[in-house]
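Encoded as structure tokens, the structure appears first; notes follow it.
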Amino acid sequence: MPEVEGGAVPSQSKGSWSSFLKSIASFNGDLSSLTAPAFILSTQSLVEFSAYWAENTSLFVAPTQERDPAKRALLVLKWLLNTLKQQYCSRSEKLGSEKKPLNPFLGELFLGSWDDEFGQTRLVSEQVSHHPPVTAYCITNDKYRIRLQGYNGQKASFSRTIHVKQIGHALLTLYPPGSDKPETYLITLPALHIENLIYGAPFVELGKFIHIVSSSGYISKIDFAGRGWLSGKKNSFTAALWKEGEGSEKNPIFSADGQWSETFTLKEGEGKRAKEIATFTPSDVKLAKLNVAPTEEQDVFESRRAWSNVARSIEKGDMDATSHFKSRIENAQRALRKKEQDEKREWERVFFSQANPKDELEVTFQNLVKVITNQGLSSWEGIAPDKTAGVWRFDDQKADRAKKPFHQEGLLALGENPDGTSAPVSRVSTNQNAKAG
Ligand code: HC3
């Protein structure tokens, strides 16, 4: 890896950026193990990223209003394409670069809701595994009877830059108008890589392809070309939507192309004979505001409360305080894991459980997995329980029971006493009846 080439790296950080680049070149694939310089640290934890899926509430609920199954599948594709800008560009646009997010601790929660003309859309995001790191989420709108749930981990490698494979998948379940039979869409997750690393202003580019396969028989495929030789424009893609057994990727009912972060066009048919349906600019789509409880009212396990000291220290540029507060959480978490191991029990997840293969959703899911593998993806990594500590699903019964305080360990899980001072690790590991703070 060559030396830092000017760009966005503050002059006093050139040395640490250079060391960071060197450490990346030899890292083991675990993104959470990277120690990055202060200027590139984000105050936001990865559990918050689940919110990007549904900020465009109008597009999220739209498929539930469409009677025609092919057009419904197109609306799902349109919603998904419109989420990409938020998922993969919003941070670098807002902060000038893709920063290194905080690594969620086991049990960390991010809870919120979008409350707008489409009713309430609730978000639950939970860190269900720490080794390997896995975040699970569920987004539900009861008024429109639609739910998105999923989980993902990341596997990274280095070859000229950071390449990230996402392991996991998302499942969208909705009820077509007038129907009590659910329709399910399995969504695979894109590979990504980091560009512009050497200049200290990294941003994300997507690679390879993803599929959306529906229990109604429709398949969408999105191919990410990036700044390809074809258009020369960043974030380029082409997409095709066809019915299994009737059309094909080359002979689709609908197609789309353009830049997912700028403007793209949906078309009927494909190629020269295609008829334009509409052009979209994701930044024109109204995004709903996510309502999150004020930090002081949050449970100890809720992300913004748990990381508040760390976030404040990052904002102040105080690296000593940042590492102090980070280590405090990490040490307390290690002590908790040790205690669980000694007592031969597992950490209780608040909202998610392992998938039950007998559930109707799992039977549908397995059929959709077959469709994916029939697309020539015999080694699809979207379901690899060994790499994601299982297959995670939202557990409605658990969620009905869930109430604050979510865990009896309370503040001790973060290594804190109720007055904000540091709790000795011995208290964390021996406390049997800890009260939530
Ligand atoms: C790779 C990534 C962490 C993972 C982020 C994921 C895949 C998380 C799930 C979301 O739904 C989508 C998403 C978007 C962005 C992904 C992040 C981009 C960069 C970050 C690395 C851990 C940071 C690498 C450090 C640095 C300094 C190069 O930015």
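Each ligand, and each atom within it, is numbered from 1 in the order the structure gives.
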So what's ligand 1 close to, N/O to N/O, under 3.5 Å?
{"residue": "ligand 1", "atom": "11 (O)", "partner": "Q87", "partner atom": "OE1", "Å": "2.7"}
{"residue": "ligand 1", "atom": "29 (O)", "partner": "E98", "partner atom": "O", "Å": "3.0"}

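Using a 4.5 Å heavy-atom threshold, the side chains of L266 and F254 count as separate.
Here salt bridge (charged side-chain N to carboxylate O under 4.0 Å, His left out) pairs that include residues 138-149, with residues two or more places apart or in two chains, are R122-D142, R145-D180, R147-D396.
When the shell of 6.0 Å around CD of E360 is examined, it contains 12 or fewer heavy atoms from other residues, nucleotides or ligands.
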**OP:** Quick one: do E297 and R305 satisfy salt bridge (charged side-chain N to carboxylate O under 4.0 Å, His left out)? Show the steps, please.
**Re:** CA-CA 9 Å; E297 285 169 28; R305 170 154 179 206; over 6 Å; no
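Qualifying salt bridge (Lys or Arg N to Asp or Glu O under 4.0 Å) partners for K208, counting only residues two or more places apart in sequence or in other chains: none. Residues meeting the side-chain hydrogen bond (donor to acceptor under 3.5 Å, both in side chains) test with S283, sequence neighbours left out: none.
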